Every structure is written in C-alpha cells, then in structure tokens.
Amino acid sequence: MATGRCGLIKADATWRMAQRLGDKSGSMAVAFDEMNIPGGDLRPAYQELARWLKETPPEALEYRRQEAELLFRRIGITFAVYGDSESTERLIPFDVIPRIMSGKEWARLEKGLKQRVRALNMFLRDIYHGRDILRADIVPDDLIFQNPVFRPEMNGQQVPHDVYVHIAGIDIVRVDAEDFIVLEDNARTPSGVSYMLENREIMMRLFPDLFARHRVAPVERYPDELLAALRSVAPQSASGEPTVALLTPGVYNSAYYEHSFLADKLGIELVEGRDLVVKNNEVFMRTTEGLKRVDVIYRRVDDDFLDPLTFRPDSVLGVPGLMSAYAAGNITLANAVGTGIADDKAIYSYMPDIVKFYLGEEPILKNVPTWRCREPKDLAYVLDNLSELVVKEVHGSGGYGMLIGPAATKATIEAFRDKLKREPEGFIAQPTLALSTCPTCTASGLAPRHVDLRPFVLTGSKSTTIVPGGLTRVALKEGSLVVNSSQGGGTKDTWILDE
C-alpha cells in the first residue's frame, strides 16, 4: 500500500479524469462514482464522511493509516501466495477510508442475494437427484456430467435438510446507481470473512470519532449466526447440542489464518484430517479425554482431498471413511461435497434461467453478459474481439488465468488466442466492466479506485441470513480492475447505514 500522505481531493476535474478507464483501443468507459454525483454533489451516504475528511488533517489520517498497518502486522493477518519465491506470507493492504452504502441500497441487494442462494441450493439438489433442469433443456447435460467438479458420488445422496451451500460468497460489482451485478458465485469454500471482521474491529478502534457520526449496522454477530446455522443442519442422529469442528488443510494453506481465526471466534475445535477418525460410520475427534463424536464439519478442504478412500488416494489432508459416514447421514459437511459445479463460470452464465426455472421469479441481481467459448458462435465473436474483453477460465479463481483485453499486450492476447482455440470449453468471456469506484488513500492523496463486494450468505435449516456488509476488495493500482489480494488488491471496511 502507498505510504505517502492521504489528503482530500475534491470532486473536480482531476477526480473525474481518474474515473475514466482508458484502454489501448482508445475506447473510454466512465465508472460509477459511489461518493460523487455528476455535477459535483455528494451522494447522501457519503456526506458525513466528506465533512469528516475536510476536518481531519492529512497528517492525522496518514498516522492512523500507518497505525492500522502496524496493528494488522501485530495480529498476524496474512495470506500466502502460491508460487511466490520471494515471500510465503503477505499482509493484505488495508485502506482506512470506508466504503459506505445506504440501508435502502443494502435491502435491495440482500433480497437479491437470498433469492440467488436459494436457487443455487435447489439447482444443486436437482442435478444430484431428479435432474429436472436437464430434462427441460435449460442447462446442457455435458456441462454437468463432463464437468471435472461434478461429483457422481453425490448422485442420490441425501444431505441434511437439503442444504448444499451453507456459506456462500457472492461477488458483486456496481456499474450504476441502481444495479448490482453478480460477478461470480463462490459455493465451495468461500474465504475472506475474517478480513471483513478484522477490518471492522480495526476501524472501530482507530476511528471512534468517525463511527460516532454514523449509524453503522454491525457485522460482529457473524460468528454467532454462522455457528447457529451450522448447528441447525446437524444430522438427526446428533444428540444434545451438536458438536461442530473446522477442518483445515493445515498451517501451509494460504487461508490458514482465517481458519484459526474463525475456529476461535466460533468457539469450536480447529482440526486437521489426522485429528479425526471414522468408526461405525460415525466421525470422532481425538481429544485428551478420548474420542468425541463430531456432527458438523465446516470444511476448508477441497473435495479431492476429503477422503482418500473415495477421492484422491494420495491425500493426507482428509479422513479415511468420511464419505461413508456422510452417506450414512451421520455427519454434515459444510459446504456439501459437489458444490463446485455452482462455481463453474459456464454454469454462472445460466443463473438467470436457473432462478426462473426453480423459483418462477425474475432475477433481482443481474449477471454480467457472458460468451461461452464452448459454443462456436460465441467463440468466433470472442476471438474477433479479444482486445476488448475479459476472458476467464471456467474453474479459475484468485485473479489467475484471466485476460483483461484492454490492458493486455499484443503478445498476451495472441497467447490467449491459442489457448482458446485449443480448449474453448475451458473459458468464458465478458465485456470489460467499468467497476464502481470509492475514495481510497493513495500516495498522491484521496483518489478513486475500483472495488467489488463479497457478502457472505448463511443458510441454515430454516432461514437464510446475511450480516449487513461484506468484504470490499479494492484495486489499489490506478486504472486496475483486478481486486484480488493475490494480484495486489487490498480491502476496505464496508459500512451499511442503519436507517
């Protein structure tokens, strides 16, 4: 993160020029400014923040920014970057200027998120059971059955309370004042909620005066809501208060900090595969007092490594026999095995039809227009317009394996062209969106930077809940659209005004 002073830049021509995304083709797109209304006025949600910024000396703001960085280092909030030979652990840059949203805006977004996750759960149950959506020709059969993350072991498998996606991280972007657009669905093991919680704690500690000027809806109850949701989906064979454990791959996993953080916040045991054993199709945890039955596993281990008797035989991260206990209905896995099919970016392109098919409703949240490169007509269009599009791997994540055409070199574009011709089914393409911007501290002062939002949707046996907010990720490089921490992005606290 930039270490220079962060002062207030007014909504003038300088700000407006920074709002524009230039590309090599010469086209320009104006990003939606979440703070400023065209003409120079401030949006209502940001008026108090703007007053506070004018009253706060740049030196004081910079001091608090440095203090926030020091706190994060002391706490040890880091993540690992695979393949980085220079450093195994990094500090995610934190921007001290909050992203603010009105209660009315949040209410609309919340309604759309609940609708989408409900449809995702119905879709997953259907493809592993009746497959009505395939018979209706809404989604092509081969996109399911030939998909590497489809799990035939789950065919006909009942999961407790028919909940497949207990924790969903839905990535949201804005392009105007009215619409929230889903960028992608994360239904396997979505990460980042620890940063949402830590960001809020740091902001409340360093900026009590700014909090006093706003009524910010709390996010602190997330661990309680998560634990309640997990306990509510325990199998019927669980006795008394269900025992929940968090299964981690171990200290070398890039998200290990979050695993230990969440286990501590939930008051549950953090376990590795070697800490668990299956006996008589029940899962037990080794403790100093002997074996203790586990009813719900919040797993942060991918399907392939969960059970060496069912999936990869070389896995030392999982638990032999776990899938047998799962099939017997004696353990709940959150999220369920096989949910990766909902993360597929080709499946994503069918989500508006999926919502309509299962719910009989129009989607509240829009999708980004998507070309499926597996379809010859779409592939031809993408190949002709690579310099203007964003191309993504259907199973990609973390900002890896993607092409941002307007920012790519000719050599990179040609390399992607060859990939697309060889494996078109592995890619989708989308227009380059002018992601909304929020004020952000930079070396030259306060400036707009592009952001997205990952709210966390919790589904239990009887209800779906969302704490008001989420993880705002920010592209710290000027003009960059890549917000992923692995690609140099940072995070912000997200404030939903309690109205």
Side-chain angles (χ1 to χ4, degrees), residues 117 120-121 124-125 128 151 153-154 157-169 187-191 193-194 221-249 255 258-287 291-303 305-307 310 317-340 456-465:
V117 171
L120 280 170
N121 271 300
L124 287 163
R125 187 186 191 286
Y128 288 114
R151 298 298 179 194
E153 297 86 358
M154 291 296 291
Q157 167 75 53
Q158 299 295 325
V159 301
H161 307 280
D162 283 337
V163 179
Y164 284 77
V165 183
H166 309 83
I167 306 107
R188 268 181 288 195
T189 53
S191 62
V193 73
S194 61
R221 68 175 185 267
Y222 178 86
D224 292 336
E225 293 195 3
L226 173 57
L227 184 59
L230 293 173
R231 283 177 172 163
S232 77
V233 293
Q236 292 183 349
S237 58
S239 58
E241 186 175 89
T243 298
V244 183
L246 193 154
L247 177 63
T248 176
E258 175 158 294
H259 304 166
S260 58
F261 173 89
L262 285 174
D264 180 63
K265 289 290 185 182
L266 270 63
I268 62 177
E269 292 296 331
L270 179 68
V271 298
E272 297 181 30
R274 61 190 176 185
D275 300 319
L276 302 176
V277 62
V278 175
K279 291 181 177 292
N280 299 321
N281 286 334
E282 294 182 354
V283 181
F284 295 88
M285 174 172 54
R286 293 185 173 94
T287 74
L291 295 179
K292 180 179 181 180
R293 175 168 163 165
V294 177
D295 303 300
V296 181
I297 294 177
Y298 176 16
R299 55 103 173 196
R300 299 298 291 264
V301 174
D302 289 340
D303 290 354
F305 301 96
L306 273 176
D307 184 346
T310 302
L317 303 177
V319 186
L322 180 61
M323 289 299 290
S324 296
Y326 195 33
N330 291 328
I331 189 74
T332 297
L333 297 178
N335 289 338
V337 174
T339 53
F456 295 91
V457 186
L458 303 177
T459 301
S461 62
K462 296 180 180 179
S463 64
T464 298
T465 60

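Just so you know, these numbers come straight off a predicted model, no measurement behind them. FYI, the numbering just counts along the sequence from 1.
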Result block: side-chain N/O donor-acceptor pairs under 3.5 angstrom for residues 157-168, not counting sequence neighbours:
| from | atom 1 | to | atom 2 | distance (Å) |
| --- | --- | --- | --- | --- |
| Q157 | NE2 | Y326 | O | 3.2 |
| Q158 | NE2 | H129 | NE2 | 3.4 |
| H161 | NE2 | S232 | O | 3.3 |
| H161 | NE2 | A234 | O | 3.4 |
| D162 | OD1 | R125 | NE | 3.0 |
| D162 | OD2 | R125 | NE | 3.3 |
| H166 | NE2 | V163 | O | 3.3 |

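- L291 pairs in a side chain to side chain contact (heavy atoms under 4.5 Å, CB included) with only one of the listed residues (M285, K279, E282), which is K279.
- For the pair V271 and A245, the tightest heavy-atom approach, listed with the atom from each and the gap, is CG2-CB, 4.1 Å.
- In this structure, the ring pair (Phe, Tyr, Trp, His ring centres under 6.0 Å) partners of Y128, at least two apart in sequence or on a different chain, are F150.
- Interatomic distance, E272 CD to L246 CG, rounded to the nearest 0.5 Å: 11.5 Å.
- The residues E153 and R151 are annotated as not salt-bridged, no charged nitrogen and carboxylate oxygen being separated by less than 4.0 angstrom.
- Between R231 atom CZ and I268 atom CD1 the span is 9.0 Å, to the nearest 0.5 Å.
- Residues passing the side chain to side chain contact (heavy atoms under 4.5 Å, CB included) test with S324 are N281, sequence neighbours excluded.
- Around CZ of R286, the count of heavy atoms belonging to other residues, nucleotides or ligands within 6.0 Å exceeds 12.
- The two residues V294 and I331 have their closest heavy-atom pair at O-CD1, 3.2 Å.
- Listed by chain and number, the residues in a ring pair (Phe, Tyr, Trp, His ring centres under 6.0 Å) with F261 are Y257 (sequence neighbours excluded).
- The line from CG of L226 to CZ of F456 is 11.0 Å long, rounded to the nearest 0.5 Å.
- Checking side-chain atoms of R299 against main-chain N and O of T248 turns up no donor-acceptor pair under 3.5 Å.
- In this structure, L458 CG and L230 CG are separated by 8.0 Å, a value rounded to the nearest 0.5 Å.
- In plain terms, the two heavy atoms of V278 and A325 that are nearest each other are CG1-CB, 4.4 Å.
- With sequence neighbours left out, S237 forms a side chain to side chain contact (heavy atoms under 4.5 Å, CB included) with P235, R293, N330.
- Under the side chain to side chain contact (heavy atoms under 4.5 Å, CB included) criterion, S191 pairs with E258, R300, R454, sequence neighbours left out.
- Side-chain atoms of T332 come within 3.5 Å of backbone N or O of V233 as a donor-acceptor pair.
- In this structure, CG on N121 lies 9.5 Å from OG1 on T339, to the nearest 0.5 angstrom.
- The structure places CG of L247 at 8.5 Å from CG of L317, a figure rounded to the nearest 0.5 Å.
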